[in-house]
Amino acid sequence: MRPIQATINLAAFRHNLAVVRQYAPHSQVMAVIKANGYGHGLLAAAQGLQGADAFAVLSIDEALQLRHAGFQQPILLLEGLFSAEEAMHASLADLSVVVHQTEQITCLQALSLPKPMPVYVKINTGMNRLGFAPSALGSVLQALESCPNVADITLMTHFANADQAAGIDTAHQLFRHSVADYADYPCSLANSATILRFPQAHAAIVRAGIMLYGSSPLADQLGPSLGLRPAMTLQSRIIAVQQIHPGDGVGYGHQFVAQQAMRIGVVACGYADGYPRHAKNGTPIAVAGQISQLVGRVSMDMLTVDLSALPDCGVGDRVELWGDQVAVDEVAAMADTIAYELLCAVAARVPVEVVDRG
Ligand SMILES: *Cc1c(COP(=O)(O)O)cnc(C)c1O
């Protein structure tokens, strides 16, 4: 069997959820488990995070999978309903829906649902992706309040710059101003970066995503420095060793050329497993518990690591691509991307083991 494996640790999920609650002690926590639980597996994420007050996913398929697996928490569909047919299923499964545009209101008004649905009204505070203009809020609420298919209403927004120097001040003020006349509704504003940086915007319900997986939403901090534990470890083994000479290149395009004699380990992990092809020479990789580095271009099924300083390491030794020893945030930075993308991209061919290790 090819030695690559992703290990998902349920204990890390529980720990990270507790960290989120420490940062936002007065809010309910909605665990965002869209995109197959950020690549960790939808059901594994839900199991590890079953202490959350609610879940959020994208599609009704994901929500129904959770219901079939027995999860009874509120589940929010983050992009709302895509069709009238979905509304029936959503209502029967006790789902909550985001309403972000007029067609979704029209859809709700035209139906007769078995049960009214909780609705999150999304307000656009500058992301300019989903949501009503603040000025439309009055008429939107009027329409929803008079719709028999609508149960409780929550007001929400999503910040464009919570992880950036610009921060949320302008958008947060705009939100506060637009909801000032509707003070009775609970609000939900905070993603992970907002949870960490802006307690003034925690509101009734925070929507935690990346933090729960143990990774940092902030470019200048790693998950562990925020007290988080990685929920995923991606590991493999050395399957070959090459002894190379000064001037020898390694891998496609000889993107790395040895300056001196080196030992190179070949690892059974490539971009077809989800390891980023754009990771640069020097990206940290742990071999048998010791930090070394990537040399040469990542290929489809293999990558190469410098073993020169690890003379005792060889074929069969364990390699950690990311996890406790190498933060996925570090790998992402070396590949000019964010951990979200790496975690979501772990390929279906990588076997997953779910463990519960305190
Ligand atoms: C994905 C998502 C989140 C979670 O964001 P993180 O940065 O992972 O915490 C929160 N709210 C909405 C609307 C989202 O789409």
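Both ligands and their constituent atoms are indexed starting at 1 by order of listing. Below, each value reflects all heavy atoms present in this structure, side chains not excepted, and no hydrogens, waters or symmetry copies. Worth saying up front: this structure is predicted, and the values here are computed from it rather than measured.
For Pro224, the side chain to side chain contact (heavy atoms under 4.5 Å, CB included) criterion is met by Leu222, Ala327, not counting sequence neighbours. With sequence neighbours excluded, no residue satisfies side chain to side chain contact (heavy atoms under 4.5 Å, CB included) with Ala110.
Looking at ligand 1, you'll find an N or O of Ile210 within less than 3.5 Å of one of its N or O atoms.
Taking a 6.0 Å sphere around OH of Tyr182, one finds it holds more than 12 heavy atoms contributed by other residues, nucleotides or ligands. Around the CE atom of Met127, the shell of radius 6.0 Å holds more than 12 heavy atoms that belong to other residues, nucleotides or ligands. Taking a 6.0 Å sphere around CD of Gln255, one finds it holds more than 12 heavy atoms contributed by other residues, nucleotides or ligands.
Across all their heavy atoms, Trp322 and Gly274 have their closest contact at CH2-O, 4.1 Å. When all heavy atoms are compared, the tightest approach of Arg21 to Ala52 is NH2-CA, 3.8 Å.
Taking atom 7 (O) of ligand 1 as the reference point, the nearest protein heavy-atom neighbour is Tyr340 OH, 2.6 Å. The single protein non-hydrogen atom nearest to atom 9 (O) of ligand 1 is Ser192 OG, 2.5 Å, given as residue, atom name and distance. Among protein heavy atoms, atom 15 (O) of ligand 1 sits closest to Lys34 NZ, 2.6 Å. Of the protein's non-hydrogen atoms, the one nearest atom 4 (C) of ligand 1 is Tyr38 OH, 3.4 Å. Of all protein heavy atoms, the one closest to atom 12 (C) of ligand 1 is His158 CE1, 3.5 Å. Of all protein heavy atoms, the one lying nearest to atom 11 (N) of ligand 1 is Arg207 NE, 2.9 Å.
Residue-ligand proximity, Gly209 to ligand 1, at heavy-atom distances under 4.0 Å covers atoms 4 (C), 6 (P), 8 (O), 9 (O).
Counting heavy atoms under 4.0 Å from ligand 1, residue Pro217 does not touch it at all.
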